[in-house]
Amino acid sequence: MKVLGIETSCDDTGIAILEMEGPCFPPSIQIKANLVSSQVKIHQPWGGVVPILAKREHQKNLLPLLQKALSQTGQLFPEKVIFPPSKKMSLAKIFPKSEEWFSIILSFLQNYRPPDIDLIAVTQGPGLAPALWTGVNFAQALSSSWGTPLIPVNHLEAHLLSSWLPEKEKASPKPVFPLVALIVSGGHTQLVLANRFDRYQLIGETRDDAAGECFDKTARLLGLGYPGGPPIAQAAEKWQTVISQPGKNISAAIEDISLPRPMIQAKNFDFSFAGLKTAVSYLHQRLPSAVKNSSFYPLKMADEIQQAINDVLLKKTIRAARDFRAKGIVLSGGVSANQQLRKRLAEKCRENHLLFFLPPLKFTMDNAAMIALAGYCHQSEAKALSRLPYLQAEAGLSFTEKVAH
Ligand code: KG4
Ligand code: ZN
């Protein structure tokens, strides 16, 4: 089965075509095309994602990416397709406020043969509403005019499943259940218990900022750029190199920098990262300029931020796995690109005899391959949504059952 995946939940536009066969989870997977257009440069000056700019960029990128993916898979064939006026009118209803974009899409649909795609999977939520709507409307238009079934996908479930996307020829290991999943991204930090595929319980989540958001906000305070995870990780690595070499003249004020590990001792599985950001901000204001002007200062701060975030994530994840008698742990979401987190969690899993599943690095960030996979796994729920009411984006969409612990 060929599945087209579409991802626009935040600031990455993703289009992927996967060929999958076999059991609903995990199937055998061949990635035929996987394209991502990052908007980092657009949002960088604002220090965070601006929803209206994200929407504009998704509108600009979706069709060129789709054409490229179809061309890569040998499916882009120019051919006149005649649409009766009623069909044009029903398609126009999908784009009430985007006439210009609709005319571009309509022109594509009328000039290219419908491709050999069996299912369209699109991120329905959670995410930024204007960004989500762009992908949902685009998917709806393709589904309606090609007559291809459409399946809405939860972005966080897709992150969870991304550990089973193949890295080159290497097949991913078979999942074991129960699994504890740590989903850490710019917008979410969740601990989820999966008793089997499609049976998820939310056992803990952040009460304020997400882990990725904490990396982003503290990096901004330190002037390290956006998104903050990668520069914090790089600066932390430099600090480790500095302290491994003797004879460096580092002031005690820098060596003594230490940050709290919020909620690390709390008996529940919730997180709180806003306090950590406040602690960084407070320390930053309090320290004398002479300390802050040292080139070692941002390195030590970055190292301490990364250690503090990872300490809390690790401790709670391992305790959740133990308490729920999990057989394995899944790490996913943008923050799962963090090498220290990957390494430390792998060690902890070995010590605790837990299997460890994590996505190949290229699938840690937002991508449409994971959306196509999640769509395939839920294919039995797909519908030919060719008439009103059309699919709705849902910014606060959840995929778990919430249970009190
Ligand atoms: O999943 P994702 O691509 O988008 C959302 O759904 O939010 O995650 C983006 C987040 C950003 O906050 C970014 O700073 C963080 O992932 N991130 C990292 C690293 N690479 C990306 N955080 C820590 N270390 C990294 N290497
Ligand atoms: Zn994400």
Side-chain angles (χ1 to χ4, degrees), residues 5-14 36-40 43-44 47-49 51 54 58 123-129 131-132 135 153-163 165 181-190 192 205-206 209-222 224-238 271 273 276-277 302-314 330-345 358-371 373-374 395-397 399:
I6 301 174
E7 158 62 31
T8 64
S9 67
C10 190
D11 60 344
D12 289 309
T13 317
V36 181
S37 170
S38 163
Q39 305 175 4
V40 161
H43 301 288
Q44 227 155 25
V49 182
H58 289 314
T123 303
Q124 183 182 27
L128 304 170
L132 287 167
V153 165
N154 183 297
H155 179 84
L156 295 180
E157 184 187 10
H159 267 306
L160 192 162
L161 300 176
S162 67
S163 285
L165 287 169
L182 172 65
I183 306 170
V184 266
S185 72
H188 295 86
T189 300
Q190 294 193 342
V192 172
E205 65 184 326
T206 184
D209 291 353
E213 197 175 353
C214 187
F215 274 111
D216 294 341
K217 288 181 173 170
T218 53
R220 195 175 173 188
L221 277 169
L222 298 175
L224 293 177
Y226 174 85
I232 293 246
Q234 275 163 22
E237 204 180 320
K238 278 194 195 142
F271 303 92
F273 291 107
L276 187 55
K277 176 204 66 193
D303 186 63
E304 186 59 17
I305 292 165
Q306 178 175 259
Q307 297 275 4
I309 295 175
N310 287 347
D311 281 356
V312 183
L313 293 175
L314 274 153
V330 194
L331 174 65
S332 57
V335 179
S336 73
N338 187 275
Q339 292 296 348
Q340 190 197 58
L341 181 61
R342 290 167 87 90
K343 207 166 134 215
R344 290 179 63 192
L345 200 48
L358 82 175
L361 263 186
K362 66 175 169 195
F363 298 124
T364 54
M365 62 170 196
D366 289 346
N367 65 84
M370 67 183 192
I371 305 303
L373 170 58
L397 188 70
F399 77 112

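All ligand and atom numbering here is 1-based and tracks the order in the structure. Note that these values count all heavy atoms, side chains included, but never hydrogens, waters or copies made by symmetry. Numbering of residues begins at 1 and proceeds along the displayed sequence.
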Could you tell me, atom by atom, which parts of ligand 1 come under 4.0 Å of a heavy atom of [X]?
{"X": "Asp366", "answer": "1 (O), 2 (P), 3 (O), 4 (O), 5 (C), 6 (O)"}
{"X": "Pro230", "answer": "19 (C), 20 (N), 21 (C), 25 (C)"}
{"X": "Gly228", "answer": "14 (O)"}
{"X": "Phe215", "answer": "22 (N), 23 (C)"}
{"X": "Gly187", "answer": "7 (O)"}
{"X": "Gly212", "answer": "12 (O)"}

[atom]: which protein heavy atom is closest, and how many Å away?
{"atom": "atom 9 (C) of ligand 1", "answer": "Gly186 N, 3.7 Å"}
{"atom": "atom 21 (C) of ligand 1", "answer": "Gly334 O, 3.4 Å"}
{"atom": "atom 18 (C) of ligand 1", "answer": "Gly229 CA, 3.5 Å"}
{"atom": "atom 13 (C) of ligand 1", "answer": "Asp216 OD1, 3.8 Å"}

Just by distance, do the side chain of [X] and the backbone of [Y] share a donor-acceptor pair under 3.5 Å?
{"X": "Thr8", "Y": "Ala131", "result": "yes"}
{"X": "Arg220", "Y": "Gly225", "result": "no"}
{"X": "His58", "Y": "Cys10", "result": "yes"}
{"X": "Asn367", "Y": "Met370", "result": "yes"}
{"X": "Glu213", "Y": "Ala210", "result": "yes"}
{"X": "Gln39", "Y": "Asp12", "result": "no"}

Checklist entry - Would you say Gln307 has more than 12 foreign heavy atoms packed within less than 6.0 Å of its CD? => result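 Counting neighbours around CD of Gln307, more than 12 heavy atoms of other residues, nucleotides or ligands fall under 6.0 Å, so yes.
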
Item to check | Contact partition for Asn338 relative to ligand 1, non-hydrogen atoms under 4.0 Å | outcome: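 Both backbone and side chain.
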
Checklist entry - At a non-hydrogen distance cut-off of under 4.0 Å, which region of Gln306 contacts ligand 1 (side chain, backbone, both, or neither)? => result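 Gln306 to ligand 1: no contact under 4.0 Å from either part.
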
Next on the checklist: Give me the atom names and distance for the closest heavy-atom approach of Gly229 to Asp216.
Outcome noted: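 So the minimum-distance heavy-atom pair works out to N-OD1, 3.8 Å.
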
Checklist entry - Is the closest heavy atom of His159 to ligand 1 under 4.0 Å? => result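 Within the 4.0 Å threshold, so yes.
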
Checklist entry - Touching ligand 1 at all, His155? Heavy atoms, strictly under 4.0 Å? => result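 Per 4.0 Å heavy-atom rule, His155 contacts ligand 1.
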
Next on the checklist: Below the 3.5 angstrom mark, is there an N/O of Cys10, backbone or side chain, next to an N/O of ligand 1?
Outcome noted: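 By distance alone, the answer is no.
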
Checklist entry - Thinking salt bridges, do Asp311 and Arg344 make one under a 4.0 Å N-O criterion? => result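 Looking at Arg344 together with Asp311, the answer is yes, because their closest N to O distance falls below 4.0 Å.
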
Next on the checklist: Classify the ring geometry of His155 against His159: parallel below 30°, tilted from 30° to 60°, perpendicular beyond 60°.
Outcome noted: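 Answer is perpendicular, since the angle exceeds 60°.
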
Checklist entry - Any side-chain heavy atom of Leu276 sitting closer than 4.5 Å to one from Ile309? => result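 When only atoms from C-beta onward are counted, Ile309 and Leu276 do touch, with a gap below 4.5 Å.
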
Next on the checklist: Could you tell me if Asn338 and Gln306 have a donor-acceptor pair between their side chains, going purely by distance under 3.5 Å?
Outcome noted: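 Judged by distance alone, the side chains do pair up.
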
Item to check | Donor on one side chain, acceptor on other, Glu7 and Ser9, under 3.5 Å | outcome: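 Per modelled atom types, Glu7 and Ser9 side chains form a pair under 3.5 Å.
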
Checklist entry - Is any protein N, O or S atom closer than 2.8 Å to the Zn ion (ligand 2), and if so, which? => result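 Near the Zn ion (ligand 2), the protein supplies His155 NE2, His159 NE2, Asp366 OD1.
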
